[in-house]
Asker: 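One structure follows; several queries about it will come next.
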Amino acid sequence: MTRGKLITIEGIEGAGKSTALQFIQDYLVKAGVEVVLTREPGGTDVSEAIRKLLLHSTASEGIAPETELLLMFASRAQHISQCIEPTLSAGKWVVSDRYVDASYAYQGGGRGIAMDKISLLDKMIVDGLYPDLTFLLDVPADLGIARAEKRGTQKDRIEQEKTDFFVRVRNVYLERAKADPERIRLIDATLGLGLVQDQVRRILDEFIRKK
Ligand SMILES: Nc1ncnc2c1ncn2[C@@H]1O[C@H](COP(=O)(O)OP(=O)(O)OP(=O)(O)O)[C@@H](O)[C@H]1O
Ligand SMILES: [Mg+2]
């Protein structure tokens, strides 16, 4: 059986990832692809339990940056072994709302953890299971925060960070896209929904053609 493809969507809060996820699903289903949608942190029962701890912990002691990093990768290890790998092996495609690039952007850029420490965990846990295609939905920090606020849902532990945190997160995402432009496709997500979807559609057309 032909192995499925792994597509990931990255970007800061409010960039439009979840909106794009639905669009990508509709596109792939129309193209006759069997697709499984998932997210990080999360995607399996155990990974979702870790997500709760990561995003909604009310413990007064806080979560140290290294703890956050290790929990992200613990959640990812489970996600890969229980969901991503078996789904790809079964010939289905996986579309994930965030994946490994987010650890570099958030725990590296945002929290300031050295990139070589993240890269060590990347080698240990992801072990080369990199996305075939990544959409980076790029918006300035202010716009992302404003969109997330307009949505009106309560902010999780990470979403409560200040603008400069998201400026650093965005910068690492952009550096990674520049270093790997074949895989990480930059989307101007400041534009209206229709124009964002046009960019995504063009890239998917090309990706499907080449697959
Ligand atoms: N291109 C766009 N133009 C204007 N508004 C948009 C656009 N894309 C998404 N939105 C709106 O912005 C809000 C945030 O979008 P969405 O929830 O998809 O972002 P997200 O990246 O998934 O955020 P989070 O990281 O918080 O999950 C939603 O209310 C959505 O309807
Ligand atoms: Mg979302």
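All values below come from the heavy atoms of this structure, side chains included, with hydrogens, waters and symmetry mates left out. Since we're looking at a predicted model, the values are computed, not measured. Start at 1 and go down the list; that is how both ligands and their atoms are numbered.
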Asker: Using 0.5 Å steps for rounding, measure from the CZ atom of Arg168 to the OG1 atom of Thr163.
Answerer: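 Here the interatomic distance stands at 11.0 Å.
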Asker: Asp142: what forms a side chain to side chain donor-acceptor pair (under 3.5 Å) with it, not counting sequence neighbours?
Answerer: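 Partners of Asp142 by the side chain to side chain donor-acceptor pair (under 3.5 Å) criterion come out as none, since no residue qualifies.
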Asker: Show me, by chain and number, every protein residue that has a heavy-atom distance under 4.0 Å to ligand 1.
Answerer: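 Residue list for ligand 1: Ile12, Glu13, Gly14, Ala15, Gly16, Lys17, Ser18, Thr19, Arg98, Arg147, Arg151, Glu159, Leu191, Gly192, Leu193, Val196.
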Asker: Run through Ile84, Ile7, Thr134 and flag the one making a side-chain contact (heavy atoms from CB on, under 4.5 Å) with Tyr99.
Answerer: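 Of the listed options, the one satisfying the test is Ile84.
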Asker: When you look at CD of Gln160, are more than 12 heavy atoms from neighbouring residues, nucleotides or ligands closer to it than 6.0 Å?
Answerer: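 More than 12 within 6.0 Å, yes.
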Asker: For atom CD of Glu85, decide whether the heavy atoms of other residues, nucleotides or ligands shown that lie under 6.0 angstrom number more than 12.
Answerer: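 Above 12, so yes.
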Asker: Anything protein N/O/S under 2.8 Å from the Mg ion (ligand 2)? Just list residue and atom, please.
Answerer: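 Hits for the Mg ion (ligand 2) below 2.8 Å: Ser18 OG.
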Asker: Check this for me: does any side-chain nitrogen of one of Glu149 and Lys155 sit under 4.0 Å from a carboxylate oxygen of the other?
Answerer: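 Here Glu149 pairs with Lys155 in a salt bridge, since their nearest N and O are under 4.0 Å apart.
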Asker: Who passes ring pair (Phe, Tyr, Trp, His ring centres under 6.0 Å) against Tyr130, sequence neighbours left out?
Answerer: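 Here no residue qualifies.
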Asker: Pick one: which of Thr190, Leu174, Ile187, Asp188 meets side-chain contact (heavy atoms from CB on, under 4.5 Å) with Asp138?
Answerer: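 Passing option: Leu174.
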Asker: Is it true that Arg3 and Asp132 have a side-chain N and a carboxylate O under 4.0 angstrom from each other?
Answerer: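 No, Arg3 and Asp132 are not salt-bridged.
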